[in-house]
Amino acid sequence: MKITEELGKRILFFDGAMGTLLQERGLAGGELPELWNLTHPEVIRDIHGRYLEAGCDILKTNTFGANGVKLKNCPEPVEKVVSAAVGLAREAVEAAGHGYVALDIGPTGKLLKPMGDLAFEDAVEGFARAVRAGAEGADLILIETMSDLYETKAAVLAAKENCGLPIFVTLIFNENGRLLTGGDVFAAAALLEGLGVAAIGLNCGLGPHQMAELFPSLRQAVSVPIVINPNAGLPHLVDGHTAYAVGPREFAEAMAPFARQGAWVLGGCCGTTPAHLAETVAACGTLPPLPLEIKRRTWVSSYAGAVEFGEKPVLIGERINPTGKPQLKKALREDDLDYILEEGITQQENGAQILDVNVGLPELNEAELLVRLIPELQSVVKLPLQIDTANTAAMAAAMRVYNGCPLVNSVSGKTETMEAVFPLVKQYGGAVIALTLDENGIPGTAEERLAIAKRIVETAAVYGIAKENLIFDPLAMTISSDSQSAQITLKALRLIREELGCRTSLGVSNISFGLPQREHINTAFFTMAMQSGLSAAIMNPNSKAMTDAYYAYCALAGLDENCQDYIAACTGQAAPTPAATACETDLRQSIIRGLKENARAAAASELSHMSPLELVSQLLIPALDFVGQEFEAGRLYLPQLLLSAEAAKAVSELVRQRLDAEGGASIQPKSKVILATVKGDIHDIGKNIVKVVMENYGYQILDLGKDVEPDAIVEAALRERVTLVGLSALMTTTVVSMEETIKRLRKSCPDCRVMVGGAVLTEEYAAAIGADFYGKDAMSSVRYADSVSDVSK
Amino acid sequence: MTPAEIDWDEARRYAGIKTFDPRLEELLRDCGRELMAAAEPRAIWKRMTLLQTASGVRLGELEFDSADLRRHLEGCGEAALLAATLGVETDRLIRRSGLKDMSRALLLQACAASLLERCCDGWGEALAAETELYLTPRFSPGYGDFSPRYQRELLDSLNAAKRIGLTVTEGMMLAPAKSVTAVIGLTDQTGGRNGGCAPQGCRACGKADCQFRRTT
C-alpha cells in the first residue's frame with residue numbers, strides 16, 4: 001500500500017531520534033553520523049529495527065545532513081551515503097514485514113542569498129543530489145528541521161523535480177511560533193500547500209508540551225495532514241552533554257492530545273527512543289484520525305507572513321511599474337536596483353500589503369532582471385510580491401526564485417495564456433490575477449465578463465488549480481471614453497463574487513485615464529468598488545487620498561475593529577519627522593547641519609532669484625567643502641557627514657529637476673568610479689558610505705554590489721573605461737580576493753588606479769597587496785579621486 | 001537574564017561620535033528604539049575541556065592553532081565556546097535603512113554592535129553563574145593569530161545553524177552579520193575574571209591604526 005492511501009485511515013507513527021542513539025553507540029562529537037551508514041551499517045539497521053519493533057510505521061533514513069552543500073568536503077560522495085542509508089532502512093522494513101521508508105532531508109546549515117551566500121539554485125541542486133540517489137528505495141520524502149522557508153522551498157522543489165514521491169515537511173519553530181528566519185505557520189502553510197506537499201508539521205526545537213501551545217495555530221493554518229515530531233522535552237546540559245528530561249510515559253501522554261485534536265502522524269525527534277515511541281503507539285494507535293479541515297483560502301505569502309484575500313480589501317502597491325514613470329524607466333535602464341528597492345520600502349511604509357513588481361521594458365532581459373531583483377527586494381521588504389509580467393519565461397523564473405507563495409499578474413481567458421500560466425501555478429503554487437478578456441478582447445457587458453471568468457475557472461480545474469487560487473480582475477476601463485464603463489465593471493465585480501464565489505481585484509487608476517485631477521475619480525471609484533465587494537486593489541499607496549478612502553471605508557464597513565487602523569493611520573500622518581523640527585532656513589546651514597527638508601525648502605527659495613548652476617557653485621559646493629574640511633579636522637563626525645550628504649543630495653535632485661525642466665545647461669559630472677565589495681565579502685556598509693559621500697562630491701558611481709567576482713570588476717572597468725576602482729573587504733580572509741582583483745586589474749587595465757578600504761586594512765597592508773591608495777574613510781576616497789582626476793586632466 | 005540594553009556611550013563610540021550633539025543623540029536614540037524592536041538576541045554556549053598544545057589549544061574535539069589564543073587561555077583548565085546573534089531581521093533593518101538614509105544605517109549599525117556586546121556580557125554573566133568560575137574576556141576568531149577560518153568548526157560544534165540560525169559563508173563571515181563567536185577561558189583563580197589573566201582583545205590585534213582601538 002502507498003503511504004498516501006494509509007494516511008488518515010489510522011494514526012501513523014514516525015520513528016524517534018537517530019543521533020541520540022548513535023551517540024549511545026559511540027558516535028563521537030564532530031563525527032558525521034551519516035558516515036555510519038557506510039562504517040557501521042549493522043548499528044543503523046539495528047536502530048531501524050528497534051523502532052519498527054516499537055510499532056513505528058515510518059523510518060527516517062540516516063541522511064539528515066546528507067546533501068550536496070553540507071557534505072561538500074566529505075570524503076564520501078552524497079550519493080553513496082544516501083543510497084546506503086536508504087538500503088539499510090529498506091532492509092529493516094523487509095525484515096520486519098511492515099513500514100515505510102522516508103528519505104530524510106535536513107537543512108544545509110547555510111543562509112541563502114542575499115542574507116547569506118548560498119545561491120538558491122545551489123541549494124536546490126544540493127538537495128536534488130540526495131533525492132536522485134535515494135528516491136528509488138523510499139516511500140516518501142521527509143524534509144525536516146527547517147527553520148528557513150526559502151531553503152525549505154529549495155528542498156521541496158528538489159524533491160518535486162526529481163521524484164514522484166509524496167513530500168512531508170516539518171519545521172522547527174520557536175516558542176513564539178516563529179522560524180529563526182522570521183516566518184510564522186501561516187507563511188509556511190501558504191508556501192508549502194502551494195507547492196503541493198502531502199503533509200506539514202513540527203519537529204525538533206521543542207518538546208510536546210511546548211508544541212501543544214503552537215498546535216491550535218498550526219491547525220488553523222494548515223489544510224493538509226499534520227505531523228508532530230517533538231523532542232523529548234527541552235534540552236539541558238548534564239555533565240556537558242545535552243539531555244532531554246521527558247520520559248517515555250510522559251511523552252506518550254503528551255502526544256495523545258495531538259491525535260485527538262487532528263494530527264495524523266506522530267513521532268519523535270532529539271532525545272526520543274524506541275521506548276518513547278512504543279508508549280506513544282500504545283497510547284495513540286487506536287485513536288481515530290479526525291477529518292481534515294480544508295480551508296480553501298485565497299492567499300499568498302512572503303518569507304515573513306501570509307496575506308489572505310478575504311472580506312477586507314488588500315492594497316497592492318502599483319509603483320514598481322515603468323508605465324508612465326520616467327524616473328523608474330531610467331533606473332531600470334541604468335540597472336539602478338537601489339531606486340526600485342526604495343520604491344518598495346516607501347510603499348511598505350505607506351501601508352501597502354502586497355507590492356506589484358513589473359520591470360517590463362522592451363530592451364531589458366526581464367527574466368534575468370527579475371531573478372536578481374526579487375531576492376534583493378525581499379531582503380528589505382517583508383510584503384508578498386505580485387509578479388507582473390506578460391513574459392512567461394520571466395514569470396517562471398521569478399516564481400521559482402521568489403521566497404514565498406507568489407501572486408501572479410496575470411492570466412486571461414485566452415487559451416494560449418492559460419496554457420502557459422496554469423502549469424507554473426501548479427509547479428510553484430500561488431494565486432493568479434485572471435483578467436476577464438479573451439481572444440475577442442474585453443467584452444462590453446458584465447455578463448460576458450462573467451462568462452469568461454467561468455471558462456477560466458473550468459480550465460484552471462483541468463490543471464488541478466482550485467478556484468480559490470484565482471482572483472478575477474473584471475477590468476476598469478476609463479470613463480472618459482465610455483461613461484458606462486465604471487458601472488459595467490462594478491456589476492461584473494458583483495456577479496463574479498456572487499455567482500462564482502471568487503475573489504476580485506482591480507487596477508483602480510485606469511478608471512480616470514484621460515481626465516484631469518484623476519485622484520478625485522480614483523478615490524470615489526475605489527470606494528464604490530470596495531462597496532461592490534472588491535477584494536484587492538492595485539493602487540498607489542503613496543496617495544494619501546487613496547489610503548484615506550481605504551481606511552475610512554474599512555472603518556465604515558465594519559472591517560476595522562474599534563477603528564484601530566483608521567486611528568493609527570490618522571495618528572501616523574500627524575507625527576512630525578524628527579529632522580524637520582529645527583528651524584533653519586539658510587541653505588548653507590541646512591546642509592552643514594544635515595537638515596534635509598530644510599535644505600530642500602531653502603534651495604527652492606534660492607532658486608527664485610538665482611540660477612541652478614549658480615546655486616551649485618556659490619552655495620552647494622562651498623557648503624560641502626566646509627563639511628568635508630570639518631570632518632577631516634575631527635570637528636564633524638561620520639553620521640553628520642552622511643546627514644549633510646543626504647541634505648545635499650536633496651538639493652542636487654531639486655537642481656537637476658530644474659535643469660531638466662529648463663532643458664538647457666546641465667551639471668557636468670565628475671568621472672565615473674567603480675565601487676565593489678570583493679568576492680566572498682558580504683558586508684557592504686563601508687562601501688555604501690563611500691558611495692553616498694562620493695556621489696555627493698559629484699562622482700558618478702557604478703556600484704557593483706557585494707561578493708563580486710574579480711573578473712566582473714575587470715570587465716566593468718574595461719567596459720566603462722574608468723580610471724578609478726574602489727574595493728572594500730572586511731576580513732583577512734577576503735583581502736585575498738581583493739589582492740586577486742587588483743592583480744587582474746593591473747593586467748587588463750594598467751591605467752586604472754585602485755583604492756582600497758575596510759576594517760582590517762592598513763596603509764602598509766594596502767601597499768603590500770598592490771593597491772594605489774588606502775582610504776581610511778569616505779572623505780579620503782573623495783580627496784584621492786580628486787587628485788587622480790586632476791592628474792588625468 | 002534581564003534583557004540587555006544598548007550602551008549609549010559605546011554606541012556613540014562605534015558611530016564615531018566623539019562629543020555630545022543633541023541632534024545626533026536624538027537620531028541615535030531613535031535608531032536604538034527601532035533596533036530593539038527588530039533584534040532577536042540568541043546565544044548558545046558549551047563548556048569544554050581545555051588542553052594546551054605545542055601550537056595552540058585543544059578544546060574538546062576542536063584544535064586551534066593560535067599562540068595568541070593559547071596565551072589568552074593560560075591558567076584556565078576549561079573554556080566555553082560562545083555563539084551569539086541578533087538575528088536576520090537586524091540585518092534586514094540595516095539594509096533597508098541604508099537604502100533610504102545612510103546616516104541611519106550607520107547609527108543602527110553602531111547600536112547593534114553595542115547591543116550585541118551587552119548581550120554577550122549578559123550571557124557571560126550567566127555562564128559565570130552556571131559554572132561558578134571566573135571568565136577571561138571573549139577571544140574571537142580574527143583576533144591576533146586566531147584565524148577566522150575556525151568559524152565553521154566552532155559553529156558546527158555548537159550546532160549553531162540549527163539552534164540559533166547562525167551560519168558562516170565561504171569567506172568565513174558570519175551570517176547574520178550582527179553575530180559573534182568567541183572562546184572564553186574558565187578558571188577558578190580570581191585574577192581571571194574580566195581581564196585579569198589575559199590580554200584584552202585589542203592588544204592582541206595587529207591593526208594599530210584602528211580608530212576603535214582601546215588603549216586602556
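Keep in mind it's a predicted model, so treat the numbers as computed, not measured. By convention in this document, chain letters (A, B, ...) are assigned in the order of the sequence lines, proteins followed by strands, and residues within each chain are numbered from 1.
Contacts of A:Tyr150 classified as ring-ring contact (aromatic ring centres under 6.0 Å, His included), with partners at least two apart in sequence or in another chain: A:Phe120. Listed by chain and residue number, A:Ala599 satisfy the side-chain contact (heavy atoms from CB on, under 4.5 Å) test with A:Ala647 (two or more places apart in sequence, or in another chain).
Proximity to chain A among residues 87-95 of chain B is limited to B:Val88, B:Glu89, B:Asp91, B:Arg92, B:Ile94, B:Arg95, judged by heavy-atom separations below 4.5 angstrom. Residues of residues 160-170 of chain B lying under 4.5 angstrom from chain A, judged on non-hydrogen atoms, are B:Ala161, B:Lys162, B:Arg163, B:Ile164, B:Gly165, B:Thr167, B:Val168, B:Thr169, B:Glu170 by number.
By the 4.5 Å heavy-atom criterion applied to side chains, B:Thr136 and B:Cys76 are counted as neighbours. A heavy-atom distance below 4.5 Å is not found between the side chains of A:Leu180 and A:Met146.
Heavy-atom distances place the side chain of B:Asp21, and not its backbone, under 4.5 Å from chain A. Using a 4.5 Å cut-off between heavy atoms, A:Glu376 touches chain B through its side chain atoms alone. Residue A:Ile172 touches chain B through its side chain alone, counting heavy-atom pairs closer than 4.5 Å. Within the 4.5 angstrom heavy-atom criterion, atoms from both the backbone and the side chain of A:Pro114 approach chain B. For A:Lys72, the part sitting under 4.5 Å from any heavy atom of chain B is the side chain, from C-beta outward, and nothing else. Both the backbone and the side chain of B:Thr19 have a heavy atom closer than 4.5 Å to some heavy atom of chain A. The contact between B:Leu99 and chain A is made by backbone and side chain atoms together, counting heavy-atom distances below 4.5 Å. In this structure, chain B has no heavy atom under 4.5 Å from any part of A:Phe631. Neither the backbone nor the side chain of B:Leu62 comes within contact range of chain A, judged by heavy atoms closer than 4.5 Å.
The pair B:Arg104-B:Glu34 meets the salt-bridge criterion, since a charged nitrogen lies less than 4.0 angstrom from a carboxylate oxygen. The residues B:Arg96 and A:Glu342 are annotated as not salt-bridged, no charged nitrogen and carboxylate oxygen being separated by less than 4.0 angstrom. Salt bridge status for A:Lys596 with B:Asp101: absent, with no side-chain N to carboxylate O gap under 4.0 Å. B:Arg12 has a carboxylate O that lies under 4.0 Å from a charged side-chain N of B:Glu25, or vice versa, which qualifies the two as a salt bridge.
In terms of non-hydrogen atom pairs under 4.5 Å with chain B, the most contact-rich of A:Val692, A:Leu643, A:Thr734 is A:Leu643. Most heavy-atom pairs under 4.5 Å with chain A: of the set B:Gly60, B:Gly98, B:Ala175, B:Ser103, this distinction falls to B:Ser103. Your options are A:Asp148, A:Thr108, A:Asn688, A:Thr732, and the one with the most heavy-atom pairs under 4.5 Å with chain B is A:Asn688. Each of A:Pro107, A:Gly205, A:Gly109 has some count of heavy-atom pairs under 4.5 Å with chain B, and the biggest count is that of A:Gly109. Each of A:Thr346, A:Val693, A:Leu636 has some count of heavy-atom pairs under 4.5 Å with chain B, and the biggest count is that of A:Thr346. Among A:Asp681, A:Thr181, A:Leu730, the residue with the largest count of heavy-atom pairs under 4.5 Å with chain B is A:Asp681.
Counted within 6.0 Å of CZ on B:Arg29, heavy atoms from surrounding residues, nucleotides or ligands total more than 12; the atom is thus considered enclosed.
When all heavy atoms are compared, the tightest approach of B:Leu107 to B:Cys31 is CB-SG, 3.8 Å. Here the closest heavy-atom approach between residue A:Asn67 and residue A:Gly106 is recorded as ND2-O, 3.6 Å. Nearest heavy-atom pair across B:Ala15 and B:Leu106 is O-CD2, 4.1 Å.
A side-chain donor-acceptor contact under 3.5 Å links B:His72 to the backbone of B:Pro137. Side-chain atoms of A:Ser737 come within 3.5 Å of backbone atoms of A:Lys679 as a donor-acceptor pair (strictly under, hydrogens ignored). For B:Arg70 (side chain) and B:Thr53 (main-chain N/O), a donor-acceptor pair under 3.5 Å exists by modelled atom type.
Going from atom CD of A:Glu630 over to atom CD1 of A:Ile592 covers 8.0 Å, rounded to the nearest 0.5 Å.
Note: B:Phe139 and B:Tyr143 have perpendicular aromatic rings, judged against thresholds of 30 and 60 degrees for the angle between ring planes.
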